[in-house]
Amino acid sequence: DTAVSQTPKYLVTQMGNDKSIKCEQNLGHDTMYWYKQDSKKFLKIMFSYNNKELIINETVPNRFSPKSPDKAHLNLHINSLELGDSAVYFCASSPRGLAGFSSYNEQFFGPGTRLTVL
Amino acid sequence: GENVEQHPSTLSVQEGDSAVIKCTYSDSASNYFPWYKQELGKRPQLIIDIRSNVGEKKDQRIAVTLNKTAKHFSLHITETQPEDSAVYFCAASRRNSGGSNYKLTFGKGTLLTVNP
């Protein structure tokens, strides 16, 4: 009954390859996110989708392309991988952004995907 | 855009002592301030949050204070235990034009070590 799941957990690949990371949430949330956590533990948002619509697109190389086939899934495809792409990528979800006066403002993170580019 | 500064970057305390982590933010329109705890090799998890219409919030050994005028907020952990050892992140968020907070801007994290 995992709330937010990601596959794969580990990904080791060569420079120049193309790879994808998949994320699924079974919480019924409307909003999903991709974060990158670098070796210094800095967490930075990359993208956010609300009901399959892209709402946040930070300054990320266009080698990174998110895709949301439905509101329960948000995948991340990375083209032409570079050494600097090595990081842990976290998917997260929240109910309709973080607004409202209920307690449902939490962003639930997935377990992370550790990407190593050689 | 929003900028969140977090201090200290590392904090070591003895079990039973208190720990305080401080953050400042730049966007006066930010109205939501969560704190996340990330244990080694695990995912970040929300431990407490505060909205801009509240000055202080407590949950057992954890409390958060907010000073909107000074644009800073702090996490206080009392009676620390070894299992409190983790990286703690503060974050800030503002409502967009549609009335929803989507984007969290995180501080750079504080590695808290509680020594038995």
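Just so we're on the same page: letters track the sequence lines, and every chain starts at 1.
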Shared hydrophobic cluster for A:Ile78 and A:Ile45 (ILVMFWY, side-chain gaps under 4.5 Å):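 Cluster IDs for A:Ile78 and A:Ile45 differ.
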
Hphob cluster co-occupancy, B:Leu11 + B:Ile48, side-chain heavy atoms under 4.5 angstrom: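 Yes, one cluster joins them.
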
Closest approach of B:Gln38 to A:Phe90 (non-hydrogen atoms, all atoms of both residues):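 Smallest interatomic distance, heavy atoms only, reads NE2-CZ, 3.4 Å.
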
task: Return the minimal non-hydrogen interatomic distance between B:Arg43 and A:Val4, and the atom names on each side.
output: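 Result for this residue pair: NH1-O, 3.7 Å.
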
task: Rounded to the nearest 0.5 Å, what's the gap from CD on A:Glu58 to OG1 on B:Thr105? Could you check?
output: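 If I round to the nearest 0.5 Å, the distance is 7.5 Å.
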
Rounded distance (nearest 0.5 Å) linking atom NZ of A:Lys41 with atom CZ of B:Phe89: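 One finds 7.5 Å between NZ of A:Lys41 and CZ of B:Phe89.
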
Contact class of B:Lys42 relative to chain A, heavy atoms under 4.5 angstrom: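 The answer is the backbone of B:Lys42.
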
- prompt: By a 4.5 Å heavy-atom criterion (distance strictly below it), what part of B:Phe106 contacts chain A: side chain, backbone, both, or neither?
  reply: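 B:Phe106 touches chain A through backbone and side-chain heavy atoms alike.
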
message: For B:Leu104 and A:Tyr35: C-alpha separation, side-chain torsions, deciding distance, then whether side chain to side chain contact (heavy atoms under 4.5 Å, CB included) applies.
response: CA-CA 10 Å; B:Leu104 285 179; A:Tyr35 285 89; 3.8 Å; yes

field: Heavy-atom pair count under 4.5 Å with chain A, highest-scoring of B:Gly41, B:Gly1, B:Pro44
entry: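 Ranked by heavy-atom pairs under 4.5 Å with chain A, first place is B:Pro44.
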
task: Side chain from CB out, backbone as N, CA, C, O: work out which of these in A:Phe108 comes under 4.5 Å of a heavy atom of chain B, or both, or neither.
output: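 Neither; nothing under 4.5 Å.
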
Which portion of A:Ile56 sits near chain B, non-hydrogen atoms under 4.5 angstrom: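 Just its side chain gets close to chain B.
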
Above 12 or not: heavy atoms from other molecules or residues under 6.0 Å from [atom1] of [X]?
{"X": "A:Lys71", "atom1": "NZ", "answer": "yes"}
{"X": "B:Glu79", "atom1": "CD", "answer": "no"}
{"X": "B:Gln81", "atom1": "CD", "answer": "yes"}
{"X": "A:Leu118", "atom1": "CG", "answer": "yes"}
{"X": "B:Glu83", "atom1": "CD", "answer": "yes"}

